[in-house]
Amino acid sequence: MSERVVKPVVNPKADGTLLTVTPESAGWEYVGFQVVQLAEGQTLTRESGDQELCLVLLSGLANVSTREYTWENIGKRMSVFEKIPPYSIYVSSSDRVEFTALTALEIAICAAPGKGTYPARLIAPEDVGVETRGYGNLERQIHNILPEQKEADSLLVVEVFTPDGHWSSYPPHKHDRDALPDESLLEETYYFRVQPEQGFAIQRIYTDDRAVDETIAVNNGEVVLVPCGYHPVGAPPGYEVYYLNVMAGPTRTWKFHNDPDHDWLMNKK
């Protein structure tokens with residue numbers, strides 16, 4: 001198995017945790033990620049510590065509270081493949097968040113260094129920017145949950161729906177150099193879901209010098225770590241692919257560089 005792939009546990013832990021990525025386990029500095037599944041009536045509590053969090057309700061309904069705010073009966077979709085924008089909660093550092101599941105519930109916990117700049121807030125579906133990107137079999141649907149235009153200290157969070165037989169994160173691009181204004185350094189996780197679940201996605205990760213050049217078959221529920229390089233994704237015919245991206249780095253901006261060999265695709269329609 002590739003060292004870039006993090007698999008979920010077969011049986012969730014007592015608190016519902018399915019998988020965990022920390023800066024220490026990933027060998028980088030900024031991005032942390034967890035997926036938690038709760039049964040109806042089960043609760044989850046997290047202290048944010050020195051991190052800011054974006055907690056995305058992947059599916060299910062919940063009551064949620066932080067130290068200062070409470071939101072009741074939030075959530076809308078029962079599956080990510082309903083393709084409607086999710087509810088999410090932004091939580092600043094030095095805060096606390098508690099979820100009570102009103103139905104079976106799946107939560108993605110996105111984490112990066114926080115400075116306590118912004119208060120906790122609800123990110124409702126109507127606050128999420130929805131766009132269609134690409135053309136032909138490069139077309140995919142984007143949900144901008146926490147883009148750089150929205151308030152946060154470090155985190156960038158987006159989800160992408162790639163139809164069967166299509167490609168996304170394409171043309172291949174990278175963001176592994178702290179070289180603004182041309183390119184920003186951003187670590188990135190890809191959390192994959194596939195429909196039907198027995199399917200898979202394809203992700204290639206490679207650098208210009210090919211010191212890194214790996215093509216990975218990714219299964220439903222797995223995370224791929226992308227510390228560097230170009231990282232396109234393909235959805236095989238017959239299988240829809242969803243992924244949730246979490247990015248963070250020294251500067252909170254997404255400035256990417258396309259692979260020059262494939263940049264011509266940007267101008268072909």
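In this text the structure is predicted, and so the values were computed from the model without any measurement.
Using a cut-off of 4.0 Å between Lys/Arg side-chain N and Asp/Glu carboxylate O, D95 and R46 are scored as not salt-bridged. One finds a salt bridge joining E183 and R177 here, because a Lys/Arg side-chain nitrogen approaches an Asp/Glu carboxylate oxygen to under 4.0 Å. A salt bridge between R121 and E68 is absent, with no side-chain N of the basic residue lying under 4.0 Å from a carboxylate O of the acidic one.
The structure places CD of Q34 at 3.5 Å from OG1 of T20, a figure rounded to the nearest 0.5 Å. Between E47 atom CD and R67 atom CZ the span is 5.0 Å, to the nearest 0.5 Å. To the nearest 0.5 Å, the span separating CG on N245 from CH2 on W254 amounts to 9.0 Å. Here the CD atom belonging to Q149 is positioned 8.5 Å from the OG1 atom belonging to T253, to the nearest 0.5 angstrom. With rounding to the nearest 0.5 Å, the separation of OH in Y90 from OG in S48 is 9.0 Å. Rounding to the nearest 0.5 Å places CD1 of I89 at 8.0 Å from OG1 of T66.
Cluster annotation: V97 and L57 are assigned to the same hydrophobic cluster (Ile/Leu/Val/Met/Phe/Trp/Tyr, side-chain heavy-atom contacts under 4.5 Å, transitive). Hydrophobic clustering (ILVMFWY, side-chain heavy atoms < 4.5 Å, transitive): V91 and I107 are in one cluster. Both L55 and Y87 are members of a single hydrophobic cluster when ILVMFWY side chains are connected at heavy-atom separations under 4.5 Å. V160 and V226 fall within a single hydrophobic cluster, where Ile, Leu, Val, Met, Phe, Trp and Tyr side chains are chained together by heavy-atom contacts under 4.5 Å. The hydrophobic cluster containing V157 does not contain I109, counting ILVMFWY residues as joined when their side-chain heavy atoms lie under 4.5 angstrom apart, directly or transitively.
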Worked check of side-chain hydrogen bond (donor to acceptor under 3.5 Å, both in side chains) between D208 and Y230 = CA-CA 8 Å; D208 286 311; Y230 306 100; 2.8 Å; yes
Tell me, with the steps shown, if E29 and E24 meet side chain to side chain contact (heavy atoms under 4.5 Å, CB included).
-> CA-CA 8 Å; E29 295 185 50; E24 293 76 21; over 6 Å; no
Take F161 and H143 through the test ring pair (Phe, Tyr, Trp, His ring centres under 6.0 Å) and record every step on the way to the result.
-> CA-CA 9 Å; F161 299 84; H143 290 168; 5.1 Å; yes
Could you check E148 against L156 for side chain to side chain contact (heavy atoms under 4.5 Å, CB included), going step by step and ending with a plain yes or no?
-> CA-CA 6 Å; E148 62 185 275; L156 297 164; 3.8 Å; yes
Please step through side chain to side chain contact (heavy atoms under 4.5 Å, CB included) for the pair E40 and T103, ending with a clear verdict.
-> CA-CA 4 Å; E40 182 179 348; T103 64; 5.5 Å; no
Might you work through the ring pair (Phe, Tyr, Trp, His ring centres under 6.0 Å) test for H173 and H262, ending with a clear yes or no?
-> CA-CA 9 Å; H173 70 267; H262 307 295; over 10 Å; no
I would like to know whether S184 and D178 meet side chain to side chain contact (heavy atoms under 4.5 Å, CB included); could you show each step before the answer?
-> CA-CA 5 Å; S184 55; D178 191 3; 6.0 Å; no
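For the residue pair G229 and K174, the shortest heavy atom distance occurs at O-CB, 3.4 Å. For the residue pair V10 and P12, the shortest heavy atom distance occurs at O-CD, 4.0 Å. Shortest non-hydrogen contact noted between G238 and P196 is O-CD, 3.6 Å. When every heavy atom of Q141 is checked against every heavy atom of K83, the shortest pair comes out as NE2-O, 3.2 Å. The minimum heavy-atom distance linking V158 with N144 is given by the pair CG2-OD1, 3.6 Å. Residues A112 and A248 come closest through the heavy atom pair CB-CB, 3.7 Å.
At distances below 3.5 Å, at least one donor-acceptor pair connects side-chain atoms of D259 with backbone N or O atoms of D261. A distance-only check finds a donor-acceptor pair linking the side chain of S79 to the backbone of F81 [under 3.5 Å]. N63 places a side-chain N or O within donor-acceptor distance of the main-chain N or O of N73, the cut-off being under 3.5 Å. Panel note: side chain E98, backbone L44; no donor-acceptor pair is recorded below 3.5 Å. In terms of modelled atom types and a separation under 3.5 Å, the side chain of R210 and the main chain of T207 share a donor-acceptor contact.
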Show me the donor-acceptor pairs, under 3.5 Å and distance only, between side chains in residues 165-172 and residues at least two apart or in other chains.
unit_1: H166; atom_1: ND1; unit_2: E139; atom_2: O; d: 2.9
unit_1: S168; atom_1: OG; unit_2: T162; atom_2: OG1; d: 2.7
unit_1: S168; atom_1: OG; unit_2: Y243; atom_2: OH; d: 2.8
unit_1: S169; atom_1: OG; unit_2: Y190; atom_2: OH; d: 2.6
unit_1: S169; atom_1: OG; unit_2: Y243; atom_2: OH; d: 3.0

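T215 places none of its side-chain heavy atoms less than 4.5 Å from the side chain of Q203. With a 4.5 Å cut-off on side-chain heavy atoms, K7 and V5 count as touching. Under the 4.5 Å side-chain criterion, counting only non-hydrogen atoms from C-beta, S65 is not in contact with W71. Between I84 and K76, the closest side-chain pair of non-hydrogen atoms falls below 4.5 Å. I145 places a side-chain heavy atom less than 4.5 Å from the side chain of E159. In this structure the side chain of V130 never reaches within 4.5 angstrom of the side chain of I142, judged on heavy atoms. F192 has its side chain out of reach of V223: every pair of non-hydrogen atoms, C-beta onward, lies at least 4.5 Å apart. Two residues are said to be in side-chain contact when any heavy atoms from C-beta on lie closer than 4.5 Å; Q37 and T17 fail this criterion.
Side-chain atoms of T117 and D153 form a donor-acceptor pair, as typed in the model, at a separation below 3.5 Å.
The side chain to side chain donor-acceptor pair (under 3.5 Å) test with H231 singles out one residue from R4, E188, R204, and that residue is E188.
A search for ring pair (Phe, Tyr, Trp, His ring centres under 6.0 Å) contacts involving F33 returns Y191, not counting sequence neighbours.
Heavy atoms of other residues, nucleotides or ligands lying less than 6.0 angstrom from CD of E82 number more than 12.
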